[in-house]
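Have a look at the structure below, then the notes.
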Amino acid sequence: MYRFLLTPRWWGINLFVVLAIPFCVFMGTWQLGRFEDRVQSHEQAEKQPDPSTRAAKPLDELLPVDKVTSGRPAMATGTYGDQFLVPGRELDDRQGFYVLNLLRTEGGKALPVVRGWLPGTASGARVPAAPQGVVTVTGDLQASENIHSDGVDARGGLPEGQLGMISAAALVNLVDYDVYDAWVTLPEAEAGGTGGAMKPVPAAAPAGTGLDLKAFQNLGYTGEWFVFAGFVLFMWFRLVRREAEAVRDVALGLVPEAGLAGGPAGGPAGGEAGPEDSRPEAGPEGAGASEGEAAAQDLAGKTPETTQGS
């Protein structure tokens, strides 16, 4: 009954099922692993002490920034150079901008330092000047931002002196010296300009360590891939069952087998004409001839005596 599974058409269907189900299971398992990694990172981050409470270390000892060193206090010594304003940043449910200065270290590289946050718009804003001379700053270490970071403006076209994303990739086109692939935010407020005292920008949690919406998206994708695998298997069983029922109906004679030669249902096979079909059809002339033959037979059947008497 199931020999149809070996036909060329079903070979293609079977091959698709054999490849699709493992692929869906693999993708679902991978998405589940991503979710479990985020849960594990979140649990480890909660068990560790607050990074800002740990002892400060020189900047070079904490680079490159990872999940362990992110948020750790870092120290750097140098002189403040170029200043940029980072618009579109929210703090305490208010819109404002960051005040960022590049600290030229003794090694020649510059470290982006976010000195604070001010409310309002960055265009035409007056901000307090950075300290002069050699200074030593201690700030919470942060990884460079990317297009997925909160508040980042990657569209470009900002006025001169403004920056949409705090990263070495964005600053390398604005300054003629090397920039660290990291930045720090000062934990203490500085004296403010027209907008009042600058507020310190709190350090953000390392990417991929919190149970945010993206983490639960991985869990949702896990369910979707497993549902796809089950749907493929369900449709295959349904097609097999329907095909098997069709083969059974043909075997029982409930449905005429496709491709069988023959005339109309109930007629002779092979299209051969029966005895009745071989008779000539009677048209108007044929009907007249039959009547004449019948009259001749009646006349021949009469006796001579009967003819003379009439």
Side-chain angles (χ1 to χ4, degrees), residues 27 30-31 33-39 41-42 45 51 59 62-72 74 81-103 109-123 125 127 139-186 199-222 224:
M27 293 300 297
W30 178 71
Q31 291 287 353
R34 293 286 301 274
F35 175 74
E36 291 177 346
D37 291 342
R38 283 180 171 267
V39 172
S41 299
H42 177 69
L59 175 65
L62 300 176
L63 296 178
V65 184
D66 55 20
K67 295 179 181 179
V68 177
T69 60
S70 180
R72 289 280 302 271
D82 296 280
Q83 178 173 280
F84 297 93
L85 304 182
V86 187
R89 299 308 174 103
E90 186 175 328
L91 184 63
D92 297 334
D93 297 329
R94 298 176 63 189
Q95 285 292 331
F97 58 93
Y98 292 167
V99 179
L100 181 145
N101 286 83
L102 296 178
L103 184 70
K109 271 190 172 183
L111 173 67
V113 178
V114 174
R115 296 168 50 220
W117 174 91
L118 287 174
T121 59
S123 300
V127 299
D140 297 332
L141 186 62
Q142 300 282 268
S144 292
E145 294 180 335
N146 54 59
I147 58 175
H148 302 293
S149 302
D150 294 336
V152 166
D153 184 1
R155 296 172 300 177
L158 294 175
E160 184 178 359
Q162 295 187 19
L163 186 66
M165 179 170 58
I166 307 175
S167 69
L171 288 166
V172 71
N173 297 322
L174 302 177
V175 295
D176 57 357
Y177 42 84
D178 293 335
V179 180
Y180 280 104
D181 190 19
W183 59 283
V184 298
T185 174
L186 300 183
K199 294 184 178 181
V201 177
T209 59
L211 294 180
D212 52 4
L213 180 61
K214 190 173 182 180
F216 288 99
Q217 284 180 347
N218 294 129
L219 185 61
Y221 294 150
T222 300
E224 288 182 0

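Below, each value reflects all heavy atoms present in this structure, side chains not excepted, and no hydrogens, waters or symmetry copies.
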Let's go through Phe216 and Phe35 carefully: what are the C-alpha distance in whole Å and the side-chain angles of both, what is the deciding distance for side-chain contact (heavy atoms from CB on, under 4.5 Å) to 0.1 Å, and is it a yes or a no? CA-CA 7 Å; Phe216 288 99; Phe35 175 74; 4.2 Å; yes

Heavy atoms from other residues, nucleotides or ligands near CG of Asp150 exceed 12 (cutoff 6.0 Å): no

Between Ser70 and Gln142, what is the shortest heavy-atom contact and its length? OG-NE2, 3.9 Å

When rounded to the nearest 0.5 angstrom, what distance separates OG1 in Thr69 from CG in Asp66? 4.0 Å

Using only atom types and a distance under 3.5 Å, with no angle test, would you say the side chain of Asn146 pairs donor to acceptor with the backbone of His148? yes

Closest non-hydrogen contact found for Ile147 with Ala154 is CG2-CB, 3.9 Å

In Å and rounded to the nearest 0.5 Å, what is the OG1 to CG distance from Thr185 to Leu141? 11.0 Å

Would you compute the distance between atom CG of Leu174 and atom CD of Glu160 and round it to the nearest 0.5 angstrom? 9.5 Å

pair Pro112-Val179: side-chain heavy atoms closer than 4.5 Å: yes

Heavy-atom nearest pair, Ala74 first then Leu59, reads CB-CD1, 4.1 Å

With the side chain counted from C-beta on, respond yes when Phe97 and Leu118 share a heavy-atom pair under 4.5 Å apart, and no when they do not. yes

From Leu63 atom CG to Asp181 atom CG, the distance as rounded to the nearest 0.5 Å: 8.5 Å

Residue pair Ala168 / Ser144: nearest heavy atoms and the distance that separates them: N-OG, 3.9 Å

The test is side-chain contact (heavy atoms from CB on, under 4.5 Å); show your working for Val113 and Leu102 and say whether it passes. CA-CA 6 Å; Val113 178; Leu102 296 178; over 6 Å; no

Test log, rule side-chain contact (heavy atoms from CB on, under 4.5 Å), inputs Val175 and Phe84: CA-CA 11 Å; Val175 295; Phe84 297 93; 4.2 Å; yes

Let me see the working for Gln83 and Val127 under side-chain contact (heavy atoms from CB on, under 4.5 Å), right down to the final yes or no. CA-CA 10 Å; Gln83 178 173 280; Val127 299; 3.1 Å; yes

Are any of the side-chain heavy atoms of Asn101 and Asp82 separated by less than 4.5 Å? no

Counting C-beta onward and ignoring hydrogens, is there a side-chain heavy-atom pair between Trp183 and Leu100 closer than 4.5 Å? no

For Gly116 against Val201, the heavy-atom pair lying closest together: C-CG2, 4.1 Å

Flag side-chain contact, heavy atom, 4.5 Å: Lys199 against Pro119: no

Rounded to the nearest 0.5 Å, what's the gap from NZ on Lys109 to CG on Asp178? Could you check? 6.0 Å

Reported CG-to-CD distance for the pair Leu219 and Glu224, which is rounded to 0.5 angstrom: 10.5 Å

Looking only at heavy atoms, the pair that brings Leu91 and Pro200 closest together is CD2-O, 4.0 Å

Name all residues meeting the salt bridge (Lys or Arg N to Asp or Glu O under 4.0 Å) criterion together with Arg34; count only those two or more places apart in sequence or in a different chain, and write none if there are none. none

Measure from the side-chain N and O atoms of Arg89 to the backbone N and O of Gly151, and report whether any donor-acceptor pair falls under 3.5 Å. yes

